[in-house]
Amino acid sequence: MVRTRFAPSPTGFLHVGGLRTALYNYLFAKQNGGKFVLRIEDTDRERYVEGGVENIIKSLAWSGIKFDEGPFEQSKRLDIYHRHVEQLIKEDHAYYCFCSAERLENLRQKQKDKKIPTGYDGLCRDIDPKEAGQRVQAGERHVIRMKMPVSGETVFNDLIRGEVRFKNELVDDQVLIKSDGYPTYHLAVVVDDHEMKITHIIRGEEWISSVPKHIQLYNFFGWDIPQMAHLPLLLNPDKSKLSKRQGDVSVEDYRQKGYLPEALVNFVAFLGWNPGTDKEFFSLKELVKEFDITKAGRAGAVFNVDKLDWYNKEYIKKLSDKELAKIAEPWFNANKEYSIENKELIERAVGLERERITTLSELPGALKFVFVLPDYPSDLLVWKKSNRQEVAKILPELAKLLNTFSVQAWNMGKLEQGIGEWLAEKGYSVGAALWPMRVALSGQQNSPGPFEIAEVLGKAESLARLDKAIAKII
RNA sequence: GGCCCCAUCGUCUAAUGGUUAGGACGCUGCCCUUUCAAGGCGGAAAUCCGGGUUCGAUUCCCGGUAGGGUCACCA
């Protein structure tokens, strides 16, 4: 049975790169009828952020990615790691190291100065186990390191990249247990992936160089090695690793800005993968069906917000008035211009701006003119090919005509038809009448069309706004 | 710097040992149009460089170069 996992560290919010990793793991598990596990890699107490786990879970839930098991927290599994590392010590695959941080720092510096590869020099590697045990007993500060083989090669087959090989002599004796008793990532990840029966490890490319350490650990324990797939990194527009400095990186940022989860997920799924067809829109369900990890790209992918914006617009366009009003509610609530009583009007009005906004957060501002007529200069009422005199003549006539519409007939279709006939009959140009009408109703240079606004506003409000315009222009 | 990954329009990518190198975003022209959007129809825009294999290379191989990752008692 396929089992995958997403294993973030709770250092804040869910990164969009993390979202993609979680998504791919989820998709792969689901398309194989397997399980997706959430594990929290919280073995670094210094970087622990209060609420970090909750934030990650919330962002995953918002994105529609459901995990089947977990969250398992590594900080609550210390005994398991210790049990395993003891085995390694017993079997001479790991050893106590008493080197101080200062010594290691000096060592590194010297290696750098001499331009030789940095890494632990193995000073404690050959301390007699008995002596080491005694020093530990005596309370001497120590870490536990793995005994990396000094010769040979470690080879593995990446699902995305094919065969990758590393010379063992160049791989460090990785610390397994820190002096505070917590395991490092490298020990914990191997032990947990095995304990949790993970069959496929899908994670970011930044991990690829630590794979040989992990493989040696699997070998020491005599465990089967999971399949691995290392995903290309997400990049800034300048091709550097995606960072906060150059824009938003957390799922939460995008949620707050008014991106739809469907859009973010669809967009992120296409960063490093695509179906090989012209199909651009994929629901989570469709992704489960069509995703193929072996077709994932190998080169880093720029996180291009323009494309995300396009996806978001497209997904917003698919929403009904009701859905859009509902989903945008938080942004209306956050805007003090709007009160709860507006709810019904909001639902009627959202259609006006649906095709004009990029994110949900723009909606309250875009629709404000429906609720409060903006102040505008009278010149705005004059169409570029018209003049004040003409507007002053047409607008009152138009108001008179509109007044003849019954409230029942006050809808887009009827208005358009009626005004159209009237225009033809009078011989007025369309722009000369419709531009001022639209400005009168919206108070804005750019807005939705006059008929749709009129319908949303209703007869009384529409005529009131027309009267205001007439007063301005005469 | 060592090691590792990697390279198709500006961006995300598709495809093939022989193609007009396809799509999408963005940009742009035209149409529609009272404005802004939306929509329709077009356009510009790419195989990093050098060798080799081959009748033929963008594709396969080697080298270079660019970019990225990693080299912690962080993940």
Select base, sugar-phosphate, or nothing to describe what [X] touches, counting heavy atoms under 4.0 Å on all strands.
X	value
A:T184	sugar-phosphate
A:F166	sugar-phosphate
A:Q445	base

*Donor-acceptor pair under 3.5 Å: do we get one between A:R298's side chain and the base of B:rC5?*
no
*Which one of A:K110, A:R103, A:Q111 satisfies the side chain to side chain donor-acceptor pair (under 3.5 Å) criterion with A:D121?*
A:R103
Paired with [N] by Watson-Crick or G-U wobble geometry, both distances under 3.5 Å: which nucleotide is it?
N	result
B:rA24	B:rU11
B:rG50	B:rC62
B:rC6	none

_Short side-chain N/O contact to B:rU34 OP1/OP2 from A:W435, under 4.0 Å_ = no
*Under 4.0 Å: is that the gap between some side-chain N or O of A:K112 and OP1 or OP2 of B:rG2?*
no
*With RNA chain B as reference, determine whether A:W207 or A:A301 sits nearer its 5' end, using the nearest nucleotide of each.*
A:A301
_Residue closer to the 5' end of RNA chain B, A:G119 versus A:P232 (nearest nucleotide)_ = A:P232
